[in-house]
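Just so it is clear: chains get the letters A, B, ... in the order the sequence lines come, proteins before strands, and each one is counted from 1. Every value quoted in this text rests on a predicted model; they were computed, and no experiment measured them.
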2 protein chains.
Amino acid sequence: MSIAEPLPRYAEIRRALEEKILSGEWPPGHRVPSEHDLVAQFGCSRMTVNKALSALAAAGLVVRRRRSGSFVAAPKSQETVLEVHDIKAEITGSGRTYRYVILDRERRRARPEDLARLGVARGVIEVEAITVLHFADECPFVHEKRLINLAVVPAAAREPFAVSPPGTWLLEQIPWTEAEHTIRAENAAADVAHHLAIARGAACLVVARRTFQAGTPITAVTLTYPGERHQLVARFSPATR
Amino acid sequence: MSIAEPLPRYAEIRRALEEKILSGEWPPGHRVPSEHDLVAQFGCSRMTVNKALSALAAAGLVVRRRRSGSFVAAPKSQETVLEVHDIKAEITGSGRTYRYVILDRERRRARPEDLARLGVARGVIEVEAITVLHFADECPFVHEKRLINLAVVPAAAREPFAVSPPGTWLLEQIPWTEAEHTIRAENAAADVAHHLAIARGAACLVVARRTFQAGTPITAVTLTYPGERHQLVARFSPATR
DNA sequence: CCAGATTTATTGTCTAGACAAAATTGCGCC
DNA sequence: GGCGCAATTTTGTCTAGACAATAAATCTGG
């Protein structure tokens, strides 16, 4: 049994409508009663039912059109929320000891492939290219190859990254407005396999992240996780949106 | 230049606050003016600033506490929204021809490993176990191993899956309330490699999805994508939440 | 100085209205 | 019948207030 906590009225209304939709009683395309009707049905003000309906619309369960009404949305694609943690926080958060080493570091003019990784078509920018290996309990955890746009974060060139790895440091330095992830599987190349202490050709999970601030790229990072030791978990329920 | 469309007042206020936060002018922990102050500053009613602040709280940019006030949230973890499409829709949507074959099919009492895949501790349930291979433009696209809980979807045992593959058919049959994904990389096993027409041991992206309705498992599916031909893309910007 | 009671600031929710915007419906006119 | 205009419905936004819940701050008696 779940405890009967006092839900606010708008949440109650939202639940009631959600139940009709998720149970299939109201199939996709079905017309949801108008705000006016719901006001009469639930005996509350229109702002309250509006709050419930707006939340359902934001969650993608209904589509609302002026003059036409609200309709149950077609379940076209499943969305799932993936949490991408800071590596240092992820490891220390699970009670393991964290350590990292900087394998390589170079300041250079962005090469064509660097520009592609950062997600810009062309241009002349200086980048800091850093390769880091992260350890959890002294076991190689993830291999990181990062580019930092020095036009946006000039301090990165002077930072020794002695206490915090580049990712953690950057997160504290500048806020980001957009992020893009691509996730793929790759057979480990010789050098990465060596650093991660896995067999050459072993499957690795590769997460590439690009971070932008108002359209300009800040950093691009490629994280290579050993396949047999790592997985990403994502959960989604429309009710919690 | 972007067109200057007339934003609603609450969106304007939200933007203004967001700008302060994302630019770093208001660092994490900084106190956001109270609703009362914002009402005076923007010359509108409290409901309007409340709507803006609530949206920022929902997006995770601020944390609100009664009597204490609203504070800029610490950017602790990046969230990203992954869209998981229906395979048939994904392929036909990009203009390729879609085809599938059922490689194997069996109705059986759930084995211990089946129960684990479905996410239940124990119990006696009948499952339909189906293996499907999907093609895009006659090229093997993804290998699917699925379990369907026949206690919830008894019709699955009688369905020939002649026109729609099990995943697409299920999506039309019953609504789901929760979904859980795990994403990992694996070296292709001999049989999967054979079906996908890739080398044995080639890196594959494995997406395992469990779908529930109000806590009871509906289906568990393991999708194996050839690593060199597939990747997942996820985008996130807090402003669009 | 401390424990407990009281005040107060702040957010959370709600109401009963108002006007605007959009899109459908229906009507009148040609 | 067809076209254009007006009426109507429904959602989108907003207001000015109200009371409740929470937790910090302050006051008070010992």
Item to check | Test: B:K88 cationic atom under 6.0 Å from B:Y98 six-membered ring centre, within 45° of axis | outcome: no
Rounding to an integer number of Å, can you tell me how far [X] [atom1] sits from [N] [atom2]?
{"X": "B:R65", "N": "D:dA23", "atom1": "CZ", "atom2": "P", "value": "9 Å"}
{"X": "A:F42", "N": "C:dC14", "atom1": "CZ", "atom2": "C1'", "value": "16 Å"}
{"X": "A:H36", "N": "D:dG12", "atom1": "NE2", "atom2": "P", "value": "17 Å"}
{"X": "A:E12", "N": "C:dT13", "atom1": "CD", "atom2": "C1'", "value": "13 Å"}
{"X": "A:K51", "N": "D:dT13", "atom1": "NZ", "atom2": "P", "value": "14 Å"}
{"X": "A:N50", "N": "C:dA16", "atom1": "CG", "atom2": "P", "value": "16 Å"}
{"X": "A:E35", "N": "D:dC14", "atom1": "CD", "atom2": "C1'", "value": "14 Å"}
{"X": "A:L56", "N": "D:dT11", "atom1": "CG", "atom2": "P", "value": "13 Å"}

Verify the contact: side-chain N or O of [X] to OP1 or OP2 of [N], cut-off strictly under 4.0 Å; return yes or no.
{"X": "B:Y10", "N": "D:dT13", "value": "yes"}
{"X": "A:R64", "N": "D:dT10", "value": "no"}
{"X": "B:S68", "N": "C:dT11", "value": "no"}

Checklist entry - Any luck finding a side-chain donor-acceptor pair between A:T48 and A:R9 under 3.5 Å? => result no
Checklist entry - Distance only, no hydrogens: is a donor on one side chain within 3.5 Å (strictly under) of an acceptor on the other, for A:T219 and A:R146? => result yes
Could you list the protein-to-nucleotides 17-22 of chain C atom pairs, N/O on both sides, closer than 3.5 Å?
{"residue": "C:dA18", "atom": "N6", "partner": "A:R46", "partner atom": "NH2", "Å": "3.3"}

Checklist entry - Hey, which of these two, B:P8 or A:L53, hits DNA chain D nearer its 5' end, going by closest nucleotide? => result A:L53
Checklist entry - Within the structure shown, what part of the strands sits under 4.0 Å from B:S70 by heavy-atom distance: base, sugar-phosphate, or nothing? => result sugar-phosphate
Checklist entry - Passes salt bridge (charged side-chain N to carboxylate O under 4.0 Å, His left out), A:E35 versus A:R64? Steps please. => result CA-CA 11 Å; A:E35 297 191 351; A:R64 315 195 71 198; 2.8 Å; yes
Checklist outcome for this item: The complete set of salt bridge (Lys or Arg N to Asp or Glu O under 4.0 Å) pairs with one or both residues in residues 208-219 of chain B, sequence neighbours excluded, reads B:E180-B:R210
Checklist outcome for this item: Sequence neighbours excluded, the answer for side-chain hydrogen bond (donor to acceptor under 3.5 Å, both in side chains) partners of B:R65 is none
Item to check | Distance, nearest 0.5 Å, that separates CG of A:L56 from CD of A:E18 | outcome: 5.5 Å
